[in-house]
Amino acid sequence: MKVIIAEKPSVAREIAKVFGATTKKDGYMEGKGFTFTWAFGHLLQLAPPQEYGFYGWNVHNLPMLPAKFKLSIRKVKTKDGLVEDPGVRKQLNIIQALFDEATDIIVATDAGREGELIFRYIYYYLKCKKPFKRLWISSQTDEAIKEGFRNLKPGSDYDTLFNSAHCRSQSDWLVGMNATQALSISSGTRSVLSLGRVQTPTLAMICSRYLENKSFVPQLFYQVSIQVDKEGQVFRAVSTENFKSKEEAQVLIDQVEDVASGFPLGGHILAVEAKPRKEPPPLLHDLSSLQQEANKKNGFTADQTLNLLQNLYESKLVTYPRTGSRYIGDDVFAGIPALLEKFKDHETFGKQALFLTGVKLNKRSVNVKKVTDHHAVLPTGEKPYNLSADKQAIFDLVLGRTLEAFHQECIKEITKITVQSGAKYIASGTVISSAGWRAVFNEPDEEKKDEDNASLPKVKEGENLPVVDKALLEKQTKPKPLYNEASLLKALETAGKEIDDEELRYAMKDSGLGTPATRAAIIETLLKRDYILREKKNLVPTQTGLAVYEVVKDHKIAQAELTGNWEKRLEEIRSGASVTDFQEEIKTYTRSITQELLKAGAGLKLKPV
DNA sequence: GCAAGGTC
């Protein structure tokens, strides 16, 4: 019997379908001499400190450096505290029974570091010794699966990938567990002050932005605007220069040749520029972009959006949600016309879906090289029925974006008129001449500059027009805004882009901080720890959060560079570099951060609980 | 009581 193990049930089902295996059993499927089983993500985790004899939270245990890490079954929170997840225990038993019977094991967990780890932890935990082969595919279409099976790799080809994954896991444990206990113990409060490679830089980003925003001193500046009349249609033009003082602006205003000052035709048109600008459709959604959009449009938190999307996925209405790719491959693209066809009777989007069935589709989101483990989120084509308002909203964002992504460019006329009246003034305006993809949601352009006129009258160079009004504009410079969930998710994705060290920057370029699957959970952790809170749509630090930030802000653990450094080393391990060298460095770092925090925590400015 | 990672 050949046993195929996938990372999750949906993938096992897809593969079974390709093989024509349809018999459903408890925890697996079978047919044609094959058995298809699955995990539910990580079933096993590195065992907690007490399993190595580190009981309680005691300074004498620190730093905790287990000689050999153990694995333990994933836990769930219940009213009796943390207990083994019974569903996980059951699935492990099923996998064990299947592995015992197996002649061949084929590993079909996701093609990446964590996918490798998910399988290996199961394999080693079950003490399985049978050889295994690896299926390595990046898309789950029938053809990709078949091709992958013709091309199975020896399992040992991925030993170094497992090494890098295991190192990632152990390093996060060592640094996170020790730093958390060190700070919590030394703070003298009895609360949990957690720290980690991802959560602490995230907290630092929120805190530093908050402090920057609060200490920002707005600068006043002045501009002059004039109103110009073209045969009854009045438009506004603004001075090209900004002034620090009112007096300087007043000089300009006094020079305006307006009607009231005795100039019937004092607005001289120096130049008129009109150029079309093509705006390509947005890319399909990955999880993060969808969370950002849902936060902006519907006010949903990242966690809410993930849950709603997971729900739609379980109802088979959308494809795999925790994707980090905004692209699809050519194979999936081939199915798009049929997919669009299915929504041509849709209440809100039907008209646009119908339109797309008759035109050449935009292929901006089609790029197989940019599809990682999973492709962008798409509707499956199943019709939703009786969804809750929230789920419907998320489904509509997915469907709407799908229509947008394959739609035509939006074409805008951008007009710029330069007027001389004393000094130079500029009027700019944008008119959409062909909506293209913007017809889907038909919403106003997000950030229109406030100087913009919706549309400008037709004027010609050399014309002289009356200036009917003038005004002094008093404005203020603005601070960078506080983070909200949308901007924080974006910042986590792009974290590392500003690292000075080129190698570290490169190592982080595809990752950022955290992963699509974990970012919502990171935000929730910071909320649960009482480090941050939601204030309207913003995420702001609490007193506790700021106090922790003050203690750790100059340490590596608060910086995105730490992840960059790890990613660089982990990639080296994947291509064969020494595992023990890195592990020794991590131990050294663990010892030093633990010592530092044991001292620093005492200086924590916290009210006792 | 604690990390980050994956997923029902």
Side-chain angles (χ1 to χ4, degrees), chain A residues 6-12 27 38-51 54-58 61-64 69 74-77 81-82 85-88 90-91 109-110 112-122 164-185 187 189-202 287 306-307 309-311 313-315 320-324 373-374 492 511 513-522 524-526 528-530 557 562-563 566-567 570 586 590 593-594 597 609:
Chain A
E7 179 156 330
K8 46 191 166 269
S10 65
V11 174
W38 53 79
F40 311 111
H42 278 296
L43 301 183
L44 299 154
Q45 54 193 180
L46 296 180
Q50 61 269 26
E51 296 198 28
F54 305 124
Y55 299 108
W57 289 41
N58 190 324
N61 287 332
L62 301 185
M64 303 176 287
F69 275 97
R74 188 171 81 201
K75 312 287 190 294
V76 280
K77 278 224 163 79
L82 280 183
D85 185 325
V88 167
K90 183 179 169 203
Q91 191 64 15
T109 47
D110 290 356
R113 196 164 74 196
E114 291 304 320
E116 192 63 30
L117 194 63
I118 285 171
F119 167 71
R120 299 278 184 134
Y121 275 0
I122 294 170
S164 79
H166 193 32
C167 276
R168 196 282 305 149
S169 178
Q170 296 172 90
S171 305
D172 276 325
W173 192 105
L174 288 169
V175 172
M177 295 290 189
N178 283 294
T180 298
Q181 288 201 15
L183 185 65
S184 303
I185 292 169
S187 74
T189 67
R190 295 177 64 81
S191 53
V192 176
L193 299 175
S194 68
L195 299 174
R197 172 180 58 87
V198 177
Q199 63 171 265
T200 305
T202 306
L287 175 61
L306 175 55
N307 287 330
L309 196 63
Q310 170 70 16
N311 219 300
Y313 167 67
E314 285 168 24
S315 318
Y320 180 76
R322 283 174 230 83
T323 176
D373 294 1
H374 306 276
L492 290 175
S511 57
L513 269 179
T515 70
T518 57
R519 286 186 191 125
I522 293 288
E524 295 304 310
T525 297
L526 296 177
K528 194 168 87 191
R529 296 275 174 270
D530 195 28
I557 197 171
L562 184 64
T563 293
W566 287 18
E567 287 298 336
L570 292 170
I586 293 294
T590 300
I593 183 82
T594 305
L597 289 169
V609 182

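Residue numbers begin at 1 in each chain, while the letters A, B, ... track the order of the sequences. Since we're looking at a predicted model, the values are computed, not measured.
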By the 4.0 Å heavy-atom rule, please label [X] as base, sugar-phosphate, or nothing.
| X | answer |
| --- | --- |
| R519(A) | nothing |
| Y313(A) | sugar-phosphate |
| V198(A) | sugar-phosphate |
| S194(A) | sugar-phosphate |
| P49(A) | base |
| G81(A) | nothing |
| D110(A) | sugar-phosphate |
| Y320(A) | sugar-phosphate |
| Q50(A) | base |
| L43(A) | nothing |
| Q181(A) | base |

Report yes if at least one side-chain N or O of [X] is closer than 4.0 Å to OP1 or OP2 of [N]; otherwise report no.
| X | N | value |
| --- | --- | --- |
| S169(A) | dG5(B) | no |
| Q310(A) | dT7(B) | no |
| Q199(A) | dA4(B) | yes |
| T518(A) | dG5(B) | yes |
| R529(A) | dC2(B) | yes |

Tell me, please, which residues at least two apart from Y320(A) pass ring-ring contact (aromatic ring centres under 6.0 Å, His included).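 Listed in chain order: Y313(A), H374(A).
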For H166(A), enumerate each residue passing the ring-ring contact (aromatic ring centres under 6.0 Å, His included) test, keeping only those at least two apart in sequence or located in another chain.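 Expected list: Y121(A), F162(A).
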Would you give the length of the straight line joining atom CG of D172(A) to atom OG1 of T563(A), rounded to the nearest 0.5 angstrom?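 Answer for the CG-OG1 pair, D172(A) versus T563(A), is 8.0 Å.
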Approximate separation, where rounding is to 0.5 Å, of K77(A) NZ and L82(A) CG: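 If we round to the nearest 0.5 Å, K77(A):NZ and L82(A):CG are 5.5 Å apart.
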Given side chains that start at C-beta, do those of L309(A) and L287(A) come closer than 4.5 Å, heavy atoms only?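 Yes; the side chains approach each other to less than 4.5 Å.
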Among the nucleotides [options], which one has an atom lying closest to any side-chain atom of [X]?
| X | options | value |
| --- | --- | --- |
| T515(A) | dG5(B), dC2(B), dA3(B) | dG5(B) |
| H42(A) | dG5(B), dA3(B), dG1(B) | dG5(B) |
| E314(A) | dG5(B), dT7(B), dC8(B) | dC8(B) |
| E114(A) | dC8(B), dG5(B), dA3(B) | dG5(B) |
| K8(A) | dA3(B), dC2(B), dC8(B) | dC8(B) |
| R322(A) | dG5(B), dC2(B), dC8(B) | dC8(B) |

Can you measure [X] atom [atom1] to [N] atom [atom2] for me and round it to whole angstrom units?
| X | N | atom1 | atom2 | value |
| --- | --- | --- | --- | --- |
| R197(A) | dC2(B) | CZ | P | 19 Å |
| M64(A) | dA3(B) | CE | C1' | 10 Å |
| I122(A) | dG5(B) | CD1 | P | 19 Å |
| L570(A) | dA4(B) | CG | C1' | 13 Å |

Of K528(A) and G41(A), whose nearest nucleotide on DNA chain B comes first from the 5' end?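 Going by which nucleotide is closer to the 5' end, it is K528(A).
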Starting at the 5' end of DNA chain B, which residue's closest nucleotide do you reach first, V175(A) or D85(A)?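 First, find each residue's nearest nucleotide; the 5'-ward one identifies V175(A).
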Check whether S315(A) reaches the backbone of N311(A) with its side chain - one donor and one acceptor, N or O, closer than 3.5 Å.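 The answer is yes, because a donor-acceptor pair under 3.5 Å joins these two groups.
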For salt bridge (charged side-chain N to carboxylate O under 4.0 Å, His left out), just list the numbers for E524(A) and K528(A), CA-CA rounded to whole Å, side-chain angles, deciding distance to a tenth of an Å, and then say yes or no. CA-CA 6 Å; E524(A) 295 304 310; K528(A) 194 168 87 191; over 6 Å; no
Do W57(A) and the base of dG1(B) stack face to face, with centres under 5.5 Å apart and an angle between planes under 30°?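 The base of dG1(B) is stacked with W57(A) (centres under 5.5 Å, planes under 30°).
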